[in-house]
Amino acid sequence: MSRRHLRGTLALVLLVLFLAGGCPRKAPRKPVLPLKIGLCVADAARDGNIVIRRVIQEKARAEKVKLIFADARNDPARQERELERLVKKERVKAVVVQFVDPATAGGMVRRLREAGVKVVALETLVPDAPLDAYIASDHARAGELLGRFVVESLPGGGTSPARVLFLGGDPGDPGMAAVGAAFRGVLEAYPAVAVTGENVPRSDPRAVGPLVTGTLDRYGNAVDAVAAADSRFAVAAVEVLRARGLVGRVVTAGVGADRRATDLMGAGQHGAEVDVQPEMLGTAALRAAVDLVRRGEWAYETRVATGDFSVPAQIVPVRLIRPANLYLLTERWRKYGGGAGPDKGSSRSEGAGGGAGKGGQKGAEKKTRLRVTTQDGRTVEIDVPGEVKKIETVK
């Protein structure tokens, strides 16, 4: 073999050896675990919370975040257990929490912080607690808008004698208290208007009926307006007024713009609602939680004092919804409510507002809503399946 051929053969052998084992192999990459964030709401069945949950789910997918959901079902003890599960079993890095009872939630917040979990309070400010973030609608502005609407709807624009019933929430809820304080602040400028206040125990809508009934009995139905710090309270009040034939005579307004309240506005049975814009609340809450974990900080707009702490906060703007601008909520209920918007009638399909079903029932039977007025002035509304052909009085 010539030297030339020998050199070529050796070069080829060295090249093969280099390619076969000389190039160091890269270590396999460890799988990147998704960021886990918990969302624990006070009551998953509430219309606003259905919207918030679905908005956060959409944003979480875009952020490559695994969202772990929990429903406290209006039970503080259950909420404590759910938060413990999120921390110990699911090992979340942050939680967005709508506290059932903020007045007693300080211990929960401290335990979450001790476990190294970032805490974003949603709509419920916990007194004297080291929260990482507070996301809420503008409670003071909501109370102001509520008060202004009531005044302009009263006889004489608040200059004539009138009586207003205000339904506030649990006194231990700072948000509800802020709505009530701002509402009364507006009414104080109208000395001819007397305000009767009732706090709804534990903010339970089931307690509203007896409170409204008692006030109407006490003043012989001489109540000119009912204002509520919560949509559910307003809806419950309308039901009592309907039973007494007072719908249309008594002005009603609430805060929250829940689906049932907007349906009542569309039917001409409810005056106005302050919309707290749950889409914006959900977006802001997830953004704060993600940034706190990934960056250690978040772009807050202001600070809110609570006890020994100054909590970074973002306050979401609110707006007044009347029958004339009810169209502003159409897209929300079409996208998140599972059925037609309030401009399509007031019937609600399965999963619309009161439940978390997807898309509602297909091919639901058509209904006709009848409004019956008796000789003594009482008004009753009923839904009748199908189209009405003939109505007769049966003795």
Side-chain angles (χ1 to χ4, degrees), residues 42-51 74 123 137 142-143 145-146 149-150 153 164-170 173 175-176 179-180 183 198-216 223 225-276 278 318 320-323 326 329 332-333 336-343 345-349 351-355 369 371 379-383:
D43 180 4
R46 289 204 59 182
D47 294 339
N49 286 342
I50 290 173
V51 176
N74 283 319
E123 281 280 66
S137 56
L145 289 173
L146 195 67
F149 172 79
V150 167
S153 302
V164 175
L165 169 61
F166 177 74
L167 298 170
D170 193 293
D173 186 332
M176 290 278 194
V179 172
F183 176 83
E198 294 283 1
N199 288 322
V200 180
R202 292 194 63 181
S203 298
D204 186 349
R206 293 172 295 183
V208 170
L211 293 175
V212 176
T213 299
T215 302
L216 292 172
V223 173
V226 178
D230 190 302
S231 272
R232 299 170 302 166
F233 304 167
V235 169
V238 170
E239 298 298 335
V240 175
L241 295 172
R242 181 187 292 118
R244 294 199 174 204
L246 298 174
V247 169
R249 187 183 77 73
V250 178
V251 176
T252 56
V255 176
D258 284 357
R259 178 61 184 264
R260 179 58 180 154
T262 54
D263 284 349
L264 289 172
M265 273 194 284
Q269 300 175 29
H270 184 40
E273 282 284 322
V274 177
D275 179 22
V276 298
V318 297
L320 185 69
I321 303 295
R322 312 165 185 253
L326 201 57
L329 301 181
R332 173 184 301 165
W333 302 127
Y336 300 112
D343 60 329
S346 57
S347 62
R348 300 171 69 190
S349 60
R369 170 158 288 196
R371 181 180 299 171
T379 302
V380 178
E381 291 195 0
I382 57 174
D383 286 327

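Just so you know, residue 1 is the first one in the sequence shown, and it goes up from there.
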Report task. Verify, without hydrogens or angle tests, whether Ser203 (side chain) and Asp170 (backbone) share a donor-acceptor contact under 3.5 angstrom. Result -> yes

Query - Stepwise side chain to side chain contact (heavy atoms under 4.5 Å, CB included) test for Val318 and Leu145 - result: CA-CA 9 Å; Val318 297; Leu145 289 173; 3.9 Å; yes

Requested in this report: Give the intermediate values and the outcome of side chain to side chain contact (heavy atoms under 4.5 Å, CB included) for residues Thr213 and Arg244.
Outcome: CA-CA 9 Å; Thr213 299; Arg244 294 199 174 204; 3.4 Å; yes

Query - Side chains of Met176 and Val200 in contact at under 4.5 Å (non-hydrogen atoms) - result: no

Query raised in the report: Looking only at heavy atoms, what is the nearest atom pair of Val226 and Ala237, with distance?
Result: CG1-CB, 3.9 Å

Query raised in the report: How far apart are the C-alpha atoms of Asp47 and Trp333, what are their side-chain angles, what is the distance that settles it, and do they pass the side chain to side chain contact (heavy atoms under 4.5 Å, CB included) test?
Result: CA-CA 9 Å; Asp47 294 339; Trp333 302 127; 3.9 Å; yes

Query raised in the report: Side chains of Phe149 and Val274: closer than 4.5 Å at any heavy-atom pair?
Result: no

Requested in this report: Provide the closest heavy-atom pair for Ala257 versus Leu329 in the form atom of the first, atom of the second, distance.
Outcome: CB-CD1, 4.1 Å

Report task. Examine distances only and state if a side-chain atom of Glu198 and a backbone atom of Val212 form a donor-acceptor pair shorter than 3.5 Å. Result -> no

**Report entry** Stepwise side chain to side chain donor-acceptor pair (under 3.5 Å) test for Ser231 and Glu273
**Finding:** CA-CA 7 Å; Ser231 272; Glu273 282 284 322; 2.4 Å; yes

Report task. Indicate yes or no: at least one non-hydrogen side-chain atom of Asn199 is less than 4.5 angstrom from one of Leu211. Result -> no

Requested in this report: Inspect the contact between Arg206 and Asp204 and indicate whether a charged nitrogen and a carboxylate oxygen are less than 4.0 angstrom apart.
Outcome: yes

Report task. For Leu146 and Ala228, work out which heavy atoms get closest and say how close. Result -> CD2-O, 3.5 Å

Requested in this report: Measure the shortest side-chain to side-chain distance between Val235 and Arg232 over non-hydrogen atoms and say whether it is less than 4.5 angstrom.
Outcome: no

Report task. Could you check if a side-chain atom of Val150 sits within less than 4.5 angstrom of a side-chain atom of Phe183, using non-hydrogen atoms only? Result -> yes

Query raised in the report: Where do His270 and Ala234 come nearest, in terms of heavy atoms and distance?
Result: CE1-CB, 3.8 Å

Report task. Before giving the answer on side chain to side chain contact (heavy atoms under 4.5 Å, CB included), spell out for Leu216 and Leu241 the whole-Å C-alpha distance, their side-chain angles and the decisive distance to 0.1 Å. Result -> CA-CA 9 Å; Leu216 292 172; Leu241 295 172; 4.1 Å; yes

Query - Minimum heavy-atom distance Val179-Ala229, with the two atoms named - result: CG1-CB, 3.9 Å

Query - Heavy-atom closest contact (Ile321 atom, Met265 atom, distance) - result: O-SD, 3.5 Å

